[in-house]
Amino acid sequence: MHENLNIKMATNRTFTMLKPDAVEKGHIGAILEKINASGFRIVAMKLTQMTRTDAETFYAVHKERPFFGELVEYMTRGPIVAAILEKDNAVEDFRTLIGATNPADAAEGTIRKLYAASIGENAVHGSDSDENAAIEGDFHFSGREQF
Ligand code: UDP
Ligand code: MG
């Protein structure tokens, strides 16, 4: 019974960042509007800026990729909005809402189709698994900041 409850909670949350390009272009409000309209509840949220060490740690899985240096520069160049979101099937539904990594491949109406400039500067992050959603949310927020 308790185990089932825990599994359900984990699958109901994802983690997002509105990346520096989205913040610079004034798209915070429009993107949050779409997130709310799509049925996600905001569990935690803040405007913050990642340090180099933060970005290298957050994206450590990509450290051997050719774009890693650019990715770290991009993600640290200005403030981001970090948030934990809750909804049934949160991880998968949020990935659908943001669209493909490359906005050229993103479906009409998705956040990346609407607001991303390129595969590098693609406006928004969404966790790719329940496990990573929990790790990424805990990277940015203490338990006391999660509602
Ligand atoms: N990225 C990039 N070039 C690439 C692939 C990814 O600059 O060829 C950047 C982009 O900002 C992307 C992030 O690295 O969002 C993480 O890549 P991932 O493949 O995990 O894409 P995502 O999960 O964000 O869709
Ligand atoms: Mg990813």
Side-chain angles (χ1 to χ4, degrees), residues 6-143 145-146:
N6 287 335
I7 288 162
K8 186 165 191 303
M9 282 185 63
T11 60
N12 281 350
R13 288 188 177 189
T14 191
F15 172 77
T16 187
M17 297 182 287
L18 313 191
K19 296 180 177 183
D21 56 321
V23 175
E24 287 159 9
K25 292 173 184 169
H27 290 149
I28 294 173
I31 293 172
L32 290 179
E33 188 72 38
K34 273 192 86 68
I35 289 171
N36 274 325
S38 301
F40 292 89
R41 184 180 78 80
I42 296 169
V43 172
M45 184 165 68
K46 66 183 164 192
L47 189 71
T48 186
Q49 186 161 357
M50 295 176 101
T51 65
R52 171 164 292 273
T53 303
D54 287 339
E56 287 172 350
T57 304
F58 188 92
Y59 283 112
V61 67
H62 294 307
K63 66 176 182 294
E64 305 303 336
R65 307 284 290 279
F67 58 82
F68 186 68
E70 274 180 27
L71 176 60
V72 171
E73 284 300 317
Y74 161 53
M75 289 302 299
T76 58
R77 78 176 186 221
I80 61 164
V81 174
I84 297 172
L85 304 173
E86 191 171 78
K87 181 185 179 297
D88 287 347
N89 203 37
V91 166
E92 189 184 345
D93 287 1
F94 194 72
R95 295 286 302 199
T96 300
L97 177 63
I98 68 177
T101 306
N102 186 346
D105 301 329
E108 288 301 326
T110 61
I111 292 172
R112 282 170 166 166
K113 183 69 174 187
L114 289 166
Y115 302 112
S118 66
I119 191 170
E121 302 207 2
N122 58 6
V124 64
H125 169 81
S127 304
D128 63 5
S129 68
D130 296 332
E131 185 189 10
N132 284 335
I135 291 168
E136 292 169 1
D138 288 343
F139 183 89
H140 282 274
F141 296 100
S142 72
E145 295 174 297
Q146 301 181 32

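Since the structure is predicted, the reported quantities are computational estimates derived from the model, not experimental observations. Note that ligands are numbered from 1 as they come in the structure, with each ligand's atoms numbered from 1 the same way.
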Test log, rule side-chain contact (heavy atoms from CB on, under 4.5 Å), inputs Leu97 and Lys34: CA-CA 9 Å; Leu97 177 63; Lys34 273 192 86 68; 4.2 Å; yes
Write out the residue and atom name of the closest protein heavy atom to [atom], then the distance separating them to 0.1 Å.
atom	result
atom 24 (O) of ligand 1	Arg112 NH2, 3.0 Å
atom 22 (P) of ligand 1	Thr101 OG1, 3.6 Å
atom 10 (C) of ligand 1	Ile119 O, 3.2 Å
atom 12 (C) of ligand 1	Asn122 ND2, 3.5 Å
atom 13 (C) of ligand 1	Leu71 CD1, 4.0 Å

Qualifying residue for side-chain contact (heavy atoms from CB on, under 4.5 Å) with Asn122, from Asn102, Ile111, Thr101: Thr101
Answer yes or no: does an N/O atom from [X] fall short of 3.5 Å to an N/O atom of ligand 1?
X	result
Lys19	yes
Tyr74	no
Gly120	yes
Glu121	no

Mark the output for [X] as yes if a heavy-atom distance to ligand 1 is under 4.0 Å, and as no if none is.
X	answer
Asp128	no
Arg65	no
Met17	no

Within 6.0 Å of CD in Glu24, more than 12 heavy atoms from elsewhere: yes
What do you reckon, are the aromatic ring centroids of His62 and Phe68 less than 6.0 Å apart? no
Within the 4.5 Å heavy-atom criterion, are Thr16 and Leu85 side-chain neighbours or not? yes
What I'd like to find out is whether the side chain of Val23 reaches to under 4.5 Å of the side chain of Ile28, using heavy atoms alone. yes
Roughly how far apart are Ile135 CD1 and Phe139 CZ, rounded to 0.5 Å? 11.5 Å
Rounding to 0.5 Å, atoms CD (Gln146) and CE (Met45) come to a distance of 14.0 Å
Within 45° cone and under 6.0 Å: Lys46 NZ/CZ vs Phe141 ring: yes
Closest to atom 20 (O) of ligand 1 by heavy-atom distance, out of Glu70, His62, Arg95, is His62
